[in-house]
Asker: 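Have a look at the structure that comes next, please.
First listed ligand is number 1; within each ligand, the first listed atom is number 1.
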Amino acid sequence: MDLRFSEEDEAFRREIAAWLADALTGEFACVKGRGGPGDEHALFEERLAWEKKLGSAGWTCVGWPEEHGGRGLSLSRQVIYHEEYARAGAPGRVGHIGETLLGPTLIAFGTEEQKKRFLPKIVSGEELWCQGYSEPNAGSDLANVQTKAELQGDRWSITGQKIWTSGAEWSQWCFALCRTEPDAPSHQAISYILVPMNQPGIEIRPIVQMTGTSEFSEVFYDDAGAAVDHVVGERGQGWKVAMGTLAFERVASTLGQQHMFQNELEAILQIARENGAAEDPVMRQRLADAWIGIRIMRMNALRMLSHAEDGTLGREAMITKLYWATWHRSLGKLAMDVLGPASEMAESAPYELTGLQRMYLFTRSDTIYAGTNQIQRNIIAERALGLPREPRPAPPPKS
Ligand SMILES: Cc1cc2nc3c(=O)[nH]c(=O)nc-3n(C[C@H](O)[C@H](O)[C@H](O)COP(=O)(O)OP(=O)(O)OC[C@H]3O[C@@H](n4cnc5c(N)ncnc54)[C@H](O)[C@@H]3O)c2cc1C
C-alpha cells in the first residue's frame with residue numbers, strides 16, 4: 001500500500017496553504033484559532049463573514065460534486081484541505097453542519113428542487129443549519145422520537161421538543177426527525193423534514209454548558225410550519241435518511257481533524273517544557289502516549305484512504321470515532337494535569353477560560369455526541385465484526 005501523497009496532491013497542498021496564508025490577514029487575522037470546541041460563540045459575525053469569503057473563493061463543500069457547487073475533491077485531497085486548514089489556524093466553521101451533514105444527505109436523498117433550493121446557500125455560507133434529532137427520551141434510542149408532524153393542507157404542523165440542538169440559535173434551518181405515521185412501527189413512522197427556524201412556532205432556549213457558553217439549545221415546536229415538499233426521502237422513510245446523515249457525521253468528522261489535535265498537543269508540550277511538568281517521568285510517558293496516539297490516528301486515516309474504493313470508506317472507518325473521541329478526552333485531562341493548580345484558575349472574572357480549559361471541558365462530550373462510545377462499540381461488533389445483534393427491547397404495547 002502506498003501511503004504517500006502524489007506530486008499533484010502536494011501541488012494542491014501548496015495552493016490551499018498559500019490561499020489561506022493570504023486570506024487570514026487584515027480583517028480576518030482576528031479569527032485565527034477561534035471558534036473551536038467550547039469557543040463556538042467567539043467572533044461569530046467575523047466567522048460568518050469568513051464563511052462567505054471561503055464560499056465565494058470556492059473553498060467550502062470541497063468534497064461535493066462540482067454540479068452541486070463543490071470541487072469534487074478526492075478523499076485524499078479533502079484530507080489535505082482539512083490538514084492545511086488546521087495548520088493555518090483557520091477558525092471553526094460556522095457552516096459545518098450544512099456542509100458535512102445536510103448537504104451530502106440532500107445530494108444522496110433529496111429531490112432536484114430541494115437540491116436547487118438549499119445546496120447553493122450552504123456553499124455560499126448564506127444559510128446555516130442545525131440537526132434536530134435528539135429529544136429528552138430519544139438519544140441513543142433515536143427511533144423513539146416523539147415530535148409529531150401532521151399534514152394540514154399544504155403545510156406540516158410540527159409539535160414537540162428537541163434537545164442538544166447545536167447551533168440552533170444561529171441557524172436559519174433545521175433538519176428534524178418527526179413522527180408522521182402514528183400507526184406505523186418506529187422505523188416506518190418517521191419523516192426527515194426541513195424546518196425554517198425563524199418562525200413564531202419555534203422557541204429556542206440555550207443550555208449553558210460547563211464552558212460557560214451555549215453551544216446547544218432546547219428547541220420547542222408548537223404548531224411550527226414546514227412546507228409540504230420539504231420532506232427528504234419518502235414520507236415515513238426518514239429513518240433511512242437519518243442513518244445516512246449519521247454515517248456522514250461519523251466519517252466527515254474524522255477527516256483531517258488530527259492537525260487541530262496536533263496544535264493542541266503542541267500547546268500542551270510547550271507548557272510542559274516551560275513549567276517543568278515534562279521532567280516528571282509519568283507525565284513524560286503520558287505526553288509520549290498522546291504523541292503516539294496522534295500518529296496512530298494519522299496512519300489509520302491513510303490506511304482508510306488507501307483502501308477507499310470509489311470514494312467509499314471500508315469498515316475500518318468504524319473505529320475512528322471511538323478512537324479519536326477517547327484519545328481527545330484523555331488529552332483534555334492531560335492538559336489540565338500538565339497545567340497543575342493553574343488549571344483551576346479562571347483567567348479573569350467572571351469566568352474567562354483559556355483555550356485549553358475550554359478544550360478540557362468540551363472534550364467531556366466527545367465520547368457522547370455523534371454516537372456514544374458504547375453505541376460505537378455496538379456498531380463495530382454488529383456491522384464490522386458480524387457478532388450477534390444486541391437484544392433490542394420489545395416495543396411498548398399500544399395504548
Ligand atoms: C456537545 C453535544 C452536541 C450535540 N449536538 C446535537 C445536535 O446538534 N443535534 C442532536 O440531535 N443531538 C445532539 N447531541 C445529542 C447526542 O446525539 C446525544 O447526547 C447522544 O446521542 C446520546 O444520547 P443521550 O444523551 O440521550 O444519552 P442516552 O442515549 O440516554 O445514553 C445514556 C448512556 O447509556 C448508554 N447507552 C444507551 N444505549 C445503549 C446501548 N444500547 N448499549 C450500551 N449503552 C447504551 C450511552 O452510551 C450513555 O452512556 C449533542 C450532544 C452533545 C454532548
Side-chain angles (χ1 to χ4, degrees), residues 35-41 92-102 105 128-147 158 160-171 173-178 186 190 192-195 197 202 204-221 238-239 241-250 252-253 321-322 324-326 328-329 332 358-383 387-394:
D39 193 37
E40 297 81 7
H41 289 69
R93 294 275 308 279
V94 296
H96 71 103
I97 295 182
E99 171 168 332
T100 59
L101 303 184
L102 193 264
T105 305
L128 306 184
W129 285 81
C130 59
Q131 178 182 32
Y133 280 17
S134 304
E135 298 182 5
N137 288 314
S140 304
D141 183 15
L142 192 56
N144 193 40
V145 290
Q146 298 298 324
T147 296
I158 303 172
Q161 183 198 345
K162 298 287 175 184
I163 193 166
W164 322 126
T165 311
S166 299
E169 278 180 281
W170 51 75
S171 296
W173 288 87
C174 177
F175 47 98
L177 290 186
C178 304
S186 274
I190 294 166
Y192 187 107
I193 305 182
L194 309 178
V195 189
M197 292 296 281
I202 291 189
I204 300 170
R205 294 189 201 159
I207 300 172
V208 180
Q209 291 161 250
M210 288 191 290
T211 48
T213 56
S214 304
E215 185 263 347
F216 50 39
S217 299
E218 291 178 289
V219 182
F220 294 85
Y221 297 75
W239 184 253
V241 181
M243 289 303 106
T245 305
L246 285 179
F248 294 125
E249 184 170 19
R250 286 166 187 158
S253 63
K321 166 78 198 341
L322 179 65
W324 77 251
T326 310
H328 198 220
R329 191 180 56 180
R358 282 194 300 263
M359 188 273 272
Y360 164 65
L361 293 173
F362 199 86
T363 52
R364 304 294 90 195
S365 68
D366 283 344
T367 52
I368 300 174
Y369 67 83
T372 67
N373 271 12
Q374 289 77 14
I375 295 301
Q376 297 302 327
R377 289 192 176 96
N378 282 349
I379 291 172
I380 293 166
E382 295 176 9
R383 297 191 210 154
L387 295 176
R389 273 169 64 86
E390 179 195 30
R392 264 50 174 184

Asker: Ignoring hydrogens and geometry, is there a side-chain-to-backbone donor-acceptor pair from Ser365 to Ile368 under 3.5 Å?
Answerer: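 Not confirmed, Ser365 side chain does not pair with Ile368 backbone.
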
Asker: For atom 35 (C) of ligand 1, state whether the nearest protein heavy atom is under 4.0 Å away.
Answerer: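 Protein heavy atoms within 4.0 Å of atom 35 (C) of ligand 1 - there are none.
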
Asker: For ligand 1, which atoms sit closer than 4.0 Å to a heavy atom of Asn378?
Answerer: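 Checking each atom against Asn378, I get 40 (C), 41 (N), 42 (N).
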
Asker: Would you mind running through ligand 1 and noting each atom that sits below 4.0 Å from a heavy atom of Ser166?
Answerer: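 Here the atoms of ligand 1 in question are 3 (C), 4 (C), 5 (N), 6 (C), 7 (C), 8 (O).
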
Asker: Heavy atoms, side chains only, cut-off 4.5 Å: are Val241 and Thr105 in contact?
Answerer: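 Touching, per the 4.5 Å side-chain cut-off.
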
Asker: In the protein, which heavy atom is nearest to atom 21 (O) of ligand 1, and how far is it?
Answerer: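 That would be Gly139 C, 3.7 Å.
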
Asker: Could you grab the distance from atom CD of Glu382 to atom CZ of Arg377, nearest 0.5 Å is fine?
Answerer: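 Glu382 CD to Arg377 CZ: 14.0 Å, rounded to 0.5 Å.
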
Asker: Determine whether Leu102 and Gln131 satisfy the following criterion, side chain to side chain contact (heavy atoms under 4.5 Å, CB included), listing intermediate values before the conclusion.
Answerer: CA-CA 8 Å; Leu102 193 264; Gln131 178 182 32; over 6 Å; no

Asker: How close does the nearest protein non-hydrogen atom get to atom 38 (N) of ligand 1, and which residue and atom is it?
Answerer: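 The closest heavy atom on the protein side is Ser140 CB, 3.7 Å.
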
Asker: Counting only heavy atoms closer than 4.0 Å, does ligand 1 sit against the backbone of Ile368, its side chain, both, or neither?
Answerer: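 For Ile368, the contact with ligand 1 is made by both the backbone and the side chain.
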
Asker: Hey, is atom 2 (C) of ligand 1 touched by any protein heavy atom at less than 4.0 Å?
Answerer: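 At least one protein heavy atom is under 4.0 Å away.
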
Asker: What atoms of ligand 1 come within less than 4.0 Å of a heavy atom belonging to Gln374?
Answerer: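 By the 4.0 Å cutoff, the relevant atoms are 43 (C), 44 (N), 46 (C), 47 (O), 49 (O).
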
Asker: Taking the six-membered ring for Trp, are Tyr369 and Phe362 parallel (under 30°), tilted (30 to 60°) or perpendicular (over 60°)?
Answerer: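 Plane angle between 30° and 60°, so tilted.
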
Asker: How are the rings of Phe175 and Tyr133 set to each other: parallel, tilted or perpendicular (split at 30° and 60°)?
Answerer: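 It falls in the perpendicular class, over 60°.
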
Asker: Measure from NZ or CZ of Lys162 to the centre of the six-membered ring of Trp164 and say whether it is under 6.0 Å with the direction within 45° of the ring axis.
Answerer: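 Negative - Lys162 is either too far from the ring of Trp164 or too far off its axis.
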
Asker: Among protein heavy atoms, which sits nearest to atom 39 (C) of ligand 1, and what does the distance come to when rounded to 0.1 Å?
Answerer: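 Going atom by atom, the protein heavy atom closest to atom 39 (C) of ligand 1 ends up being Ile375 CD1, 3.8 Å.
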
Asker: Nearest protein heavy atom to atom 9 (N) of ligand 1, by residue and atom, and its distance?
Answerer: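 Result: Gln131 O, 2.7 Å.
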
Asker: For Tyr133, counting its heavy atoms only, list the atoms of ligand 1 lying under 4.0 Å from any of them.
Answerer: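 This gives 11 (O) as the contact atoms.
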
Asker: Using the side chain to side chain contact (heavy atoms under 4.5 Å, CB included) rule, take Cys174 and Val219 through it: C-alpha gap first, then chi angles, then the decisive distance, then the call.
Answerer: CA-CA 10 Å; Cys174 177; Val219 182; over 6 Å; no

Asker: How close does the nearest protein non-hydrogen atom get to atom 11 (O) of ligand 1, and which residue and atom is it?
Answerer: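 Sorting protein heavy atoms by distance from atom 11 (O) of ligand 1 puts Ser134 N, 2.7 Å first.
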
Asker: Under 4.0 Å from a heavy atom of Ser365: give me the atoms of ligand 1 that qualify, with their elements.
Answerer: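 Under 4.0 Å from Ser365, ligand 1 has these atoms: 1 (C), 53 (C).
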
Asker: Is any side-chain heavy atom of Ile202 less than 4.5 Å from a side-chain heavy atom of Tyr221?
Answerer: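 In contact.
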
Asker: For ligand 1, which atoms, with element, lie under 4.0 Å from some heavy atom of Thr372?
Answerer: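 Close to Thr372: 22 (C), 46 (C), 47 (O).
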
Asker: Can you confirm whether some protein heavy atom lies under 4.0 Å from atom 23 (O) of ligand 1, or whether none does?
Answerer: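 Given the 4.0 Å limit, the answer for atom 23 (O) of ligand 1 is yes, a protein heavy atom qualifies.
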
Asker: For ligand 1, is there an N or O atom under 3.5 Å from any N or O atom of Asp141?
Answerer: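 By distance alone, the answer is no.
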
Asker: Would Glu390 count as being in polar contact with ligand 1, using the rule that some N or O on each side must be under 3.5 angstrom apart?
Answerer: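 In this structure, Glu390 places an N or O atom under 3.5 Å from an N or O of ligand 1.
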
Asker: I need the nearest protein heavy-atom contact for atom 6 (C) of ligand 1: residue, atom name and distance, please.
Answerer: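 Ranked first by proximity to atom 6 (C) of ligand 1 is Trp164 O, 2.7 Å.
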
Asker: If we only count heavy atoms from C-beta on, is the Ile190 to Leu142 side-chain gap below 4.5 Å?
Answerer: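 The answer is no; the side chains never approach within 4.5 Å.
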
Asker: What is the closest protein heavy atom to atom 51 (C) of ligand 1, and at what distance does it sit?
Answerer: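 Closest protein heavy atom to atom 51 (C) of ligand 1: Tyr369 CB, 3.6 Å.
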
Asker: Is the closest side-chain heavy-atom distance between Asp39 and Met359 below 4.5 Å?
Answerer: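 Counting from C-beta outward, Asp39 and Met359 never come under 4.5 Å.
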
Asker: Please check atom 14 (N) of ligand 1 for a protein heavy-atom neighbour under 4.0 Å.
Answerer: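 So atom 14 (N) of ligand 1 has protein heavy-atom neighbours under 4.0 Å.
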
Asker: State whether the shortest distance between N or O atoms of Glu135 and N or O atoms of ligand 1 falls below 3.5 angstrom.
Answerer: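 No, no N or O pair falls under 3.5 Å.
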
Asker: Please step through side chain to side chain contact (heavy atoms under 4.5 Å, CB included) for the pair Gln376 and Thr367, ending with a clear verdict.
Answerer: CA-CA 9 Å; Gln376 297 302 327; Thr367 52; over 6 Å; no

Asker: I need the Ile207 CD1 to Ser217 OG distance, nearest 0.5 Å.
Answerer: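 Reported value, rounded in 0.5 Å steps: 6.5 Å.
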
